[in-house]
Each structure stands twice: as C-alpha cells, then as structure tokens.
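Following: one structure in structure tokens, then a few remarks.
Counting convention: from 1, in listed order, for ligands and their atoms alike. Residues: numbered from 1 along the sequence shown. What you see is a predicted model, and the numbers here were worked out from it, not measured in a lab. Only heavy atoms go into these numbers, but all of them, side chains included; no hydrogens, no water, no symmetry mates.
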Amino acid sequence: MCYAIPGKVVGIRGRNVILEYFSETRNAVNEFFELSEGDYVYAQGGLIVEQIDRIEAERLLSSWKNKFMELKRIDSELSKPPAALEELLDRSLNKEDLIQMLKSNDDRIFAMANALRSARKQNSCCVHGIIEFSNYCINDCKYCGIRKSNRKLVRCRMSKTQLFRNVEYAIKKLGFKAIVLQSGEDEHYTDEMFSEIVEEIAKRFNALIFISCGTRTESFYKKAYDAGARGVLLRFETSNEDLYNSMHPAGSKGSLKERLHMIKYAKKLGYICATGFMVGLPGQTIEDIANDIIMTRNLDADMYSIGPFIPHAETPLRNSKQQNADLWYRTIATARIAHPDANILVTTALETIDKDGLRKGMMCGANSFMINATPDEFAGNYDIYPRDVNLIKSINSKIEVIKSIGRAPTDISI
Ligand code: 5AD
C-alpha cells in the first residue's frame, strides 16, 4: 500500500505552496524542501513531507489517473444533497440548532453532512497509522484500560530500536506517510529521550510525525517540535468540567484547564492539532456534546478527533452502558453541518462497536481516518478499549472500504 497521490507544485509564495492533483488544487506548507514549480511532492495534512523524482511521479500519476476519475464519479454519485435541507447551509448554527440536530430522528442529516463534505473537502482522504509504543501510564482516567490502577495489564514499552523498526515498517512496507506515535503518559521517555527519538525518525523517514502522549509539559512539546514532530493528537475528552473531574480522579495529572492550555500551546508552536472528545461517557448530556463540538471549533482544531466511549472491563466504568454507534454518527454529522470546512476523523474505537463503522462514519461527514499500525505482538497489550488485532488484514480491508465509497488519497489541506 502507498496511500498517497503525488501533487504537482503549481504555485509558491514563501512557505505556502499550491499543489495540483488532476486539476484540483490544495494549499500546503513547505518547511523542508527546495521546491520549484513543476516539482512533485507528497503532502499530508497540509504539510509537504516528501519530494519525488519527476519521472517517477509522472509514472505514478498516469497509473492513478483513470482510477482517480472513477473514484470521483463514485463519490459524486454517493453524495447528492437531500434538497429539503439545503436551507441549513444558509446560516451559521447556534448551540440550540446543534442540540436539535443531535436529538432529531431525521436521517437526512447524514446525507446532508456527506454532501457538505464532498462539496467542501472533495473526495480527499488522509490515513494516519498509529504506533502504540508504550502502555505505561501515570494517570488513572476512569474510562481508560491502560490506567495505572489496572494491575492485570501486561505493561510494555518499545525500546528505541524496536520503535525505529516499527516506524520503518509502517512507512516503508505498509506505505504510511503520516504516523502517530502514541503512548500512555509515560515519563520513562524524558523530554530529551523522546525528542531524540523524534529527531532520528524525522532524519531517517519522509513522513508527517504526529505525537499522542498525553498532557506532558510545554518543554516536552517544544523539544519534540524542534526535533521535527508536526502533529499533536490530544483530546480534551469532555468540555464539561464537572464530568471531566469525575473521570479524572485525584492523583491523575492534568485538569481540563491544563489540557486545554497544552492544546493551545501546541497550536501556537505550529503543530497541526487533532483534538476532540468522547461520545457516550456516563453522565454526558446532549447539551454537553453540543458544547464539545463548539469547543473543538473554538480550539481551531485542524482535525476533529471524536470517538465513542467503550466500557472496559478493568476500569471503574465496566458496568456503564455502551451507547450504540448512532449517537456517534449523529455527532459527526452535526459537527460537519456546523463546521463544513473541518477535517473530521473516523477514529479506531468506532469499529469496535460497529464492524461497518469506517464506511458509515465516512458517509456521514468524516473525511479522514486513523488505522492502527502497531505490530500485532504489541497491539495486544495496548488495551485502551477492547478490540481485535490483525494488522495487515485490517489495513487492507480498510483501504478497500475507502475505495468502494470513492475516496482518494489526495491531501486534505489544512
Ligand atoms: N473508550 C473509548 N475511548 C477511550 N479512550 C480512552 N479510553 C477509552 C475508552 N474506554 C480514548 C481517550 C484518549 C484516547 C487515547 O483514547 O479519548 O484520549
């Protein structure tokens, strides 16, 4: 798998570059390459991550051309707007509108959200591979299977060498151009050690490096940025402070304020920020979800990361009710209709509660997704929520799903 199409540089203004994919254009930022018009590159999340030889790029593009047109055709067939809802687009929505939409039984909002996604983001789709490198965590979040009080979990962390090997495998063999280094909040990796790892990865591979390691400290995020990381995945989990406090008991590090501060700080440093919340936490109301959508937007999230809560047997929330996936779909559709230009992810947890979750999520407003790229022997222990593991099979089947609904790996632009 190489899930990316080369883009042609058709305009340069300082760091800002215009890329063309079969006559569609996207904006991208160039930090790392000496580019001229006519050059070819791979971009991920609005960042240029690799320059490609022209002859090779032209060969790749001619092999993509018919396929790309076919994918466009499929997407436009599948994303016709339901006429009756078009008036929704004419005004900006307030919190009450969001609550009504989240509560309504009107299934036309899914088609509306999908039509908006197609109109604003075309059929672009980025895929990010998550590598879970440590399941040690100093925190005790009540919902999370890797919380420190879960004594049944076999803890493991990758050595530097193992991590490089797995990143190399994900990039070179599995074909990812964006990887997410994810862990519990594990202070074994000091700021220096972690930034050295990032630096080495940035030096050796052409990929967008996302980090997802909890709240940590400003210095952690600054050093990792300087070392070459350009994306942060850090959810605020819920905008309701009381609910947040009840989910993060005393002894857990990081208040909601600190989380929000770190998300804003990362944004200020220049990171591409993926943030969001969980849907279906016990005690969460529909109004909370509307506020969560609004908070995601107010944080100026480059990507919305919204996942369903899944009760885990080794946590205090083991007996909580599992919401069915419908509330999640409705949340994604509402977020898309409220914020038509957002980049919205289908997250890995969804498929635990709905085997057809990726397709359905992408059909109700989402435009990108994350895949687990952790080798099976590690993934079994990275037990945030229950799920199946089988890396290659699961990646291939997801790419097939994405093709079947007409999505193409042109960059999503930020
Ligand atoms: N169900 C769903 N998502 C969970 N997360 C943690 N525990 C659960 C759970 N039981 C999510 C949190 C966290 C991310 C890494 O995983 O949102 O930020």
Would one find an N or O of His312, backbone or side chain, under 3.5 Å from an N or O of ligand 1?
no
If you count the atoms of ligand 1 from 1 in the order shown, which ones are under 4.0 Å from a heavy atom of Pro308?
1 (N), 2 (C), 3 (N)
Is the shortest N/O to N/O distance between Arg259 and ligand 1 below 3.5 Å?
no
Test item, Met278 contacting ligand 1 (heavy atom, 4.0 angstrom):
yes
Note: heavy atom closest to atom 10 (N) of ligand 1, options Ile310, Leu317, Leu234, belongs to Ile310
Quick one: ring-ring contact (aromatic ring centres under 6.0 Å, His included) pairs with a partner in residues 265-305, sequence neighbours left out?
Tyr225-Tyr271, Tyr304-His339
Against Asp341, only a single residue in Arg120, Arg117, Lys121 fulfils salt bridge (Lys or Arg N to Asp or Glu O under 4.0 Å); can you say which?
Arg120
Does the cation-pi check pass for Arg230 over Phe210, that is, NZ or CZ under 6.0 Å from the six-membered ring centre and within 45° of its axis?
no
Mind checking ring-ring contact (aromatic ring centres under 6.0 Å, His included) for His248 and listing every partner two or more places apart, or none if nothing turns up?
Tyr143, Tyr244
Is the Phe194 ring parallel, tilted or perpendicular to the Tyr189 ring (thresholds 30°, 60°)?
perpendicular
Evaluate Gln182 for polar contact with ligand 1, using N/O atom pairs at a separation under 3.5 Å.
no
